[in-house]
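Data first, discussion second: the structure below is written as structure tokens.
These numbers were taken from a predicted model, which means no experiment stands behind them. Side chains included, hydrogens not; waters and symmetry mates left out as well; all remaining heavy atoms used. For the single chain, residues carry numbers from 1 onward in sequence order.
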Amino acid sequence: MLRQLAIRHLAIIEALTLDFAPGFTVLSGETGAGKSILIEALGLVLGDRADATLVRAGQPQADVAAEFALGARAPARAWLREHALDHPDDADLCVLRRVVGADGRSRAFINGASATLAQLRELGEQLVEIHGQHEHQRLLHTDVQREQLDDFAGHEALLDAVAMAARRHAAAAAAMQRLRASAARDPAQLDYLRHQIRELEALDLQPASLEQLFADHRRLANAGRLLQEGGAVEEQLYGSESGAYALLARVQSSLGALGDLDAAFGEALQLVAGAQTQVQEAAATVRRALDRLDLDPERLAEIEQRMSALHELARKHRVRAEELLARRDALRAEVAGSEGAEAALERLQQEQDAALADYRAAAQKLGASRRKAAKDFASQVGAELRALGMARAELAIAVETVAGTAPAVPRAHGDDEVRFDFTANAGQPPRPLARVASGGELSRVSLAIQLVATRSRSAATLIFDEVDAGVGGGTAETVGVKLRELARRRQTLCVTHLPQVAAQGQQHFAIHKEVRGGQTVTRVTPLDAAQRVAELARMLGGREITASTEAHAQEMLKRAARG
């Protein structure tokens, strides 16, 4: 559950920290006071897109942090462990943070560790669900209706099987298209490719032989320098009175005399003796290398001729000499692909047919699962609609295969089209929701669907942003009761303008906008019992608060407490 939300320099919020309790929390305030900004702030730490205009004017950055308490079996706990992002001190704690700069750039953190936005979104989906007013309109789209049904059905394995088979089918089709384009190559071009391969094969290129060729060329081309400078090195090591070996011999003699006077010099004597032995071995190694050197002009000319041929082909193919082997293999594969196109096409066709068969089988199972879930989903939503004051309302969910048969090209979501049909009046058949629902009806249908859908989801915190818009009176009170019932299972927050809903809250924050030092700021106040009465009276009666308005507010709170 959400324990704390801390915000600094976000829009008209200067700095505030909110501590949340379990159960049902309501947030109220006049229009424009900043209620939507709180939802935007939480959206930021859950991975929403950042916008530089959200940073408070004159500030370098906005900073939002959210602290969550994790249950023992919370999916988020396993996710954090899998990604090595557990809280370093408390496995029950998860802290998300988002910093947005005035330049529009943002940084994300999970338990203090830097994270990607994709990680923030993936984790955030397991912690919080936000339902806003825009979902009323989104619900009119058939894609959203299908997603709502699939979420309720919980058949993720079937969805994955359908999507995977569709991807396999598409991949085989793309490979076949590329192969057909390759097979249509001009025969003259194929002949030229074969000529290039023969040129490269004539050089008898092998990885080991190429490395040896380059090594021999370096050695023979620099033989004079190796002999001259190598001889000088041997002389400096061992061959003269001023060489390193002779110098160490004199030092060894001096240390021997000193060692007779003080045993502490004995260790230095041993080290020098070891160094003298190593110098002698180094000189012997240089001598052996010099003895192997051979000034062979004919061999050098032969190697340079072969190197010249390599570099000429490398320039021709626009690669380095070391890459000619890879170039030869690539040309072979290209020609083989063109020559074996017919067999390859047949193999790909078999793969595509197999993918299509798997898709058809999985899509059929998915369709059956959707039809089964549609009945239960529609029945539960209908019950919620009746509880919300729509006694004659009916929701029907149609699951139809496109054009009566499967589409020619497999789709990641299957063969079905899902449509929500609705009627609010007895004797009238359900018709597509987008055509018949009024604004208030659509609001209640959306809320009913969310109340049913949230029962099958895993997020521990639910946030409703004015989803009660368009309802009032006794229905508004029912909405509040439903949200409070929902809060018995999940922590529930609701931004509302309705006093009937606000009265059902177990925790209440009032949001106000004020001017300090010429700057507009948002202030959020947790309300005690007396302050709640005043806030509900304001919501009921506007600017002029009367004794009867306050009495009505007190009665609403008492009724909510009685349940």
Side-chain angles (χ1 to χ4, degrees), residues 47 49 79 82-83 116-123 125-126 141-151 153-187 189-190 192-194 196-197 317 319 323 325-371 373 399-419:
R49 186 182 298 276
W79 188 96
E82 179 183 346
H83 292 79
T116 65
L117 282 187
Q119 288 177 317
L120 211 58
R121 282 191 291 269
E122 187 177 343
L123 176 58
E125 288 174 358
Q126 302 180 54
H141 300 291
T142 56
D143 285 349
V144 175
Q145 295 174 6
R146 186 190 66 247
E147 291 167 4
Q148 289 277 11
L149 177 60
D150 287 337
D151 284 344
H155 43 217
E156 288 84 2
L158 287 176
L159 285 168
D160 290 344
V162 168
M164 183 178 297
R167 287 194 297 268
R168 285 169 48 210
H169 185 277
M176 291 169 71
Q177 185 177 0
R178 291 192 299 268
L179 193 55
R180 289 190 182 103
S182 176
R185 193 189 300 275
D186 187 336
Q189 188 178 12
L190 274 177
Y192 178 64
L193 292 178
R194 294 188 185 100
Q196 289 182 309
I197 292 172
H317 290 275
V319 297
E323 297 170 345
L325 271 171
R327 176 61 178 162
R328 180 200 65 192
D329 294 341
L331 289 173
R332 284 175 175 173
E334 192 172 350
V335 170
S338 296
E339 292 175 341
E342 184 175 349
L345 280 171
E346 183 177 352
R347 185 184 69 256
L348 286 171
Q349 184 64 60
Q350 292 172 352
E351 291 178 7
Q352 188 182 45
D353 291 344
L356 184 60
D358 291 344
Y359 171 83
R360 293 280 181 255
Q364 187 175 7
K365 292 179 181 178
L366 178 61
S369 178
R370 281 172 171 157
R371 290 179 179 86
V399 180
E400 300 172 348
T401 300
V402 179
T405 59
V409 178
R411 303 182 301 179
H413 56 76
D415 296 340
D416 307 312
E417 293 290 356
V418 175
R419 187 185 69 250

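In terms of heavy atoms, L348 sits closest to A172 at O-CB, 4.1 Å. A354 and R168 make their closest contact through C-NH2, 3.9 Å (heavy atoms, listed as atom of the first residue, atom of the second, distance). When all heavy atoms are compared, the tightest approach of Q126 to W79 is NE2-CD1, 3.3 Å. What you find for P410 and L356 is that their closest heavy atoms are CG-CD1, 3.7 Å.
One distance of note links CG of D415 with CD of Q364; it measures 9.5 Å at 0.5 Å rounding. Taken to the nearest 0.5 Å, the CD1 atom of I197 stands 9.0 Å off from the CZ atom of R327. Atom-to-atom distance recorded for Q145:CD and E417:CD is 10.5 Å, nearest 0.5 angstrom. Remark: R360 CZ to H169 NE2 distance equals 7.5 Å, nearest 0.5 Å. Residue Q177 holds its CD atom at 11.5 Å from CG of L345, rounded to the nearest 0.5 Å.
Counting only heavy atoms from C-beta outward, the side chains of R146 and D416 never approach each other to under 4.5 Å. Residues L331 and H317 form a side-chain contact, since some pair of their non-hydrogen atoms from C-beta on lies under 4.5 Å apart.
Using modelled atom types, no side-chain atom of Y359 and backbone atom of R167 make a donor-acceptor pair closer than 3.5 Å. R371 places a side-chain N or O within donor-acceptor distance of the main-chain N or O of G367, the cut-off being under 3.5 Å.
With S369 as reference, L158 is the one residue of D150, L158, V399 to meet the side chain to side chain contact (heavy atoms under 4.5 Å, CB included) rule. Exactly one of L149, T142, V144, D143 qualifies for a side chain to side chain contact (heavy atoms under 4.5 Å, CB included) with V418. That residue is L149.
With a 6.0 Å radius and a threshold of 12 heavy atoms from other residues, nucleotides or ligands, M176 has its CE atom above the threshold.
Remark: E351 pairs with no residue by the side chain to side chain donor-acceptor pair (under 3.5 Å) rule, at least two apart or across chains. By the salt bridge (charged side-chain N to carboxylate O under 4.0 Å, His left out) test, E122 pairs with no residue at all, sequence neighbours left out.
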